[in-house]
Chemist: 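Encoded as structure tokens, here's the structure I'll be asking about.
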There are 2 protein chains.
Amino acid sequence: MKLSTKGRYGLRAVLDLAVQTEDEVIALSQIAERQGISMNYLEQLIAKLKKAGIVNSIRGAQGGYSLALPANQISVGDILRALEGDLAPVDCSEINNSDSACSNADLCVTKYVWKRISDSINDAVDGIMLSELVEVSRKVQAEAGTSDTNRSKQICGQ
Amino acid sequence: MKLSTKGRYGLRAVLDLAVQTEDEVIALSQIAERQGISMNYLEQLIAKLKKAGIVNSIRGAQGGYSLALPANQISVGDILRALEGDLAPVDCSEINNSDSACSNADLCVTKYVWKRISDSINDAVDGIMLSELVEVSRKVQAEAGTSDTNRSKQICGQ
DNA sequence: TTAATAACCAAGTGAATTAATAGGAATTAA
DNA sequence: TTAATTCCTATTAATTCACTTGGTTATTAA
């Protein structure tokens, strides 16, 4: 019941992008270095984010990535679902869509449990907008100053 | 972000036990057969449930398992945490307890996201008591009758 | 035009985790 | 004493994860 590094790294990467971005694009190598994530691995994650319409890219020299939408129109749920896929606790089509692929639907009691977990997770992550994290992040960085020791702490394994 | 078979099988096993039990104990082999789960594997799961004080056991011939508490005093959260461990979306001690093992605590912005997801999951599962599932299960079984085709449907992969 | 930069893409790999399987020891009722 | 049952540990097969490798394509600046 854990998020993979896809979700954890990916959210940090988007947040980094959101904090840094001022119109221009940011090279992935910068994000990778700041966040201490392998550049090649991060490529795979950002590909998912691009596919989901969360980031835009510009190719070639001086290229990079930017948010595809204002930060207040991107939810943590959008980001995590793009990276992790469906956030439901089990793979059961009944939980998410209405077409009954699960033949045991009527008799599957635990389904209601998974549905409630699923709904609560999605409600939680959809209720947090990226802009909110950007604000918190800016506030925290302002308080912490810009000394090297503090800056290094901004790289958090989770 | 998926539950393992531990949580899925284990919850079904406890529910089975709760539905079947009338004072006496139930042999694990019966639960395993009804639920279509390997007996040996189920042993490992029920050991966790016993350790967590959710079920009691009686050894020897005619022995078996029973609920250690009334079904309305056992939450789905108790069961899932016993089987899966902590239900938080990341392994970060900061999320659960108050002693600050995570040195990046102050600067870890995504921590607040994990905390909110964690809380929402735990609230959801702690709000569902086993007795509620037993009721739904009995109702569904009454509606479905006891024909062989319907009974087989009660075994649901999820 | 060329070199550098940076996004894009697909396949492979090693480690870790999961999901069992296997086999036996201890306990108890009949 | 025997069959049934829980209890315990170790091993293994399969799967998933977390990268790594090795490119290609597009764009810009010199």
Side-chain angles (χ1 to χ4, degrees), chain A residues 1-13 17 20-21 24-68 80 83-86 89-91 157-158, chain B residues 1-13 17 20-21 24-33 35-52 54-68 80 83-86 89-91 157-158:
Chain A
M1 200 55 182
K2 295 279 177 274
L3 284 171
S4 69
T5 54
K6 292 197 194 85
R8 304 206 317 268
Y9 292 0
L11 178 59
R12 279 164 54 204
L17 188 58
Q20 301 299 325
T21 258
E24 85 279 23
V25 297
I26 308 280
L28 203 58
S29 55
Q30 288 179 39
I31 299 176
E33 196 185 5
R34 259 196 304 269
Q35 297 298 325
I37 300 170
S38 142
M39 163 78 180
N40 282 319
Y41 190 43
L42 198 49
E43 271 181 353
Q44 295 171 31
L45 308 188
I46 203 120
K48 288 170 185 277
L49 292 165
K50 192 187 173 186
K51 205 171 172 188
I54 291 168
V55 301
N56 283 332
S57 65
I58 294 178
R59 298 185 69 166
Q62 319 310 315
Y65 293 92
S66 59
L67 295 183
L80 291 182
L83 293 159
E84 295 273 340
D86 187 25
V90 296
D91 278 324
Q158 305 300 349
Chain B
M1 201 53 183
K2 295 281 179 274
L3 285 171
S4 69
T5 54
K6 291 197 194 84
R8 304 208 315 270
Y9 292 180
L11 178 58
R12 278 165 54 205
L17 188 59
Q20 300 299 326
T21 259
E24 85 280 23
V25 296
I26 307 280
L28 202 58
S29 56
Q30 288 179 38
I31 299 176
E33 196 185 6
Q35 297 296 326
I37 300 168
S38 140
M39 163 81 181
N40 281 321
Y41 190 43
L42 199 48
E43 272 181 354
Q44 293 172 34
L45 308 187
I46 204 119
K48 288 170 184 277
L49 293 165
K50 192 187 174 186
K51 205 172 170 185
I54 292 168
V55 302
N56 283 330
S57 65
I58 294 179
R59 298 185 70 169
Q62 318 309 315
Y65 292 91
S66 59
L67 296 182
L80 292 181
L83 294 159
E84 295 274 337
D86 187 24
V90 297
D91 278 325
Q158 304 301 347

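Note on naming: letters A, B, ... go to the chains in the order of the sequence lines (proteins, then strands), and numbering restarts at 1 for each one. What you see is a predicted model, and the numbers here were worked out from it, not measured in a lab.
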Chemist: Is the shortest heavy-atom distance from the side chain of B/Arg12 to the side chain of B/Ile37 under 4.5 Å?
Modeler: yes
Chemist: Anything under 4.0 Å to a heavy atom of chain A counts; send over the first and last such nucleotide of DNA chain C, read 5' to 3'.
Modeler: C/dT5 to C/dA11
Chemist: Side chain of B/Arg59, base of D/dT5: donor and acceptor closer than 3.5 Å?
Modeler: no
Chemist: Of B/Gly64 and A/Gln62, whose closest DNA chain D nucleotide lies nearer the 5' terminus?
Modeler: B/Gly64
Chemist: With sequence neighbours left out, write down each residue that passes side-chain hydrogen bond (donor to acceptor under 3.5 Å, both in side chains) with A/Ser57, or none if nothing qualifies.
Modeler: A/Lys50
Chemist: Please enumerate all residues that pass side-chain hydrogen bond (donor to acceptor under 3.5 Å, both in side chains) together with B/Ser29, with sequence neighbours excluded.
Modeler: none
Chemist: Using a cut-off of strictly less than 4.0 Å, decide whether A/Thr5 has a side-chain nitrogen or oxygen near OP1 or OP2 of D/dA18.
Modeler: yes
Chemist: Do you know the tightest heavy-atom contact between B/Gln62 and B/Val25?
Modeler: O-CG2, 3.7 Å
Chemist: Over all heavy atoms of both residues, which pair between B/Ala13 and B/Leu42 is shortest? Give the atoms and the distance, please.
Modeler: CB-CD1, 3.8 Å
Chemist: Please list each protein N or O that sits under 3.5 Å from an N or O in nucleotides 14-16 of chain D, with the distance.
Modeler:
none

Chemist: Looking at every non-hydrogen atom in both residues, tell me the closest pair between B/Ser66 and B/Leu17 and how far apart they are.
Modeler: C-CD2, 3.9 Å
Chemist: If you find the nucleotide of DNA chain D closest to B/Ile26 and the one closest to A/Ser4, which residue's nucleotide is nearer the 5' end?
Modeler: B/Ile26
Chemist: Among residues 38-46 of chain A, which residues get a heavy atom nearer than 4.0 Å to DNA chain D?
Modeler: A/Ser38, A/Asn40, A/Tyr41, A/Gln44
Chemist: Please enumerate all residues that pass side-chain contact (heavy atoms from CB on, under 4.5 Å) together with B/Gln30, with sequence neighbours excluded.
Modeler: B/Ile26, B/Ala27, B/Arg34
Chemist: What bend angle does the helix from C/dT1-D/dA30 to C/dA30-D/dT1 show across its length, from five-pair end axes and to the nearest 10 degrees?
Modeler: 10°
Chemist: Under the rule for side-chain contact (heavy atoms from CB on, under 4.5 Å), what residues qualify as partners of B/Ala52, not counting sequence neighbours?
Modeler: B/Ile54, B/Ala82
Chemist: Kindly give the heavy-atom pair with the smallest separation between A/Lys48 and A/Leu83, and that separation in Å.
Modeler: CD-O, 3.8 Å
Chemist: Rounded to the nearest angstrom, tell me the gap between atom CG in B/Leu17 and atom C1' in D/dT6.
Modeler: 14 Å
Chemist: Can you name the closest pair of heavy atoms from B/Tyr65 and B/Thr21 and give their distance?
Modeler: O-OG1, 4.5 Å
Chemist: With a 4.0 Å cut-off on heavy atoms, is A/Lys51 in touch with a base, just the backbone sugar-phosphate, or nothing at all?
Modeler: nothing
Chemist: Hey, what do you get for CE (B/Met1) to CE (A/Met1), rounding to the nearest 0.5 Å?
Modeler: 4.5 Å
Chemist: Run the side-chain hydrogen bond (donor to acceptor under 3.5 Å, both in side chains) test against A/Thr5 and tell me which residues pass, sequence neighbours left out.
Modeler: A/Tyr41
Chemist: Would you kindly give the CG-to-C1' distance between B/Asn56 and D/dT6, to the nearest whole Å?
Modeler: 13 Å
Chemist: Tell me which of A/Gly60 and B/Ile58 sits closer to the 5' end of DNA chain C, going by the nucleotide each one is nearest to.
Modeler: A/Gly60
Chemist: What pair of heavy atoms forms the shortest contact from A/Ser38 to A/Ala32, and how long is it?
Modeler: C-CB, 4.5 Å
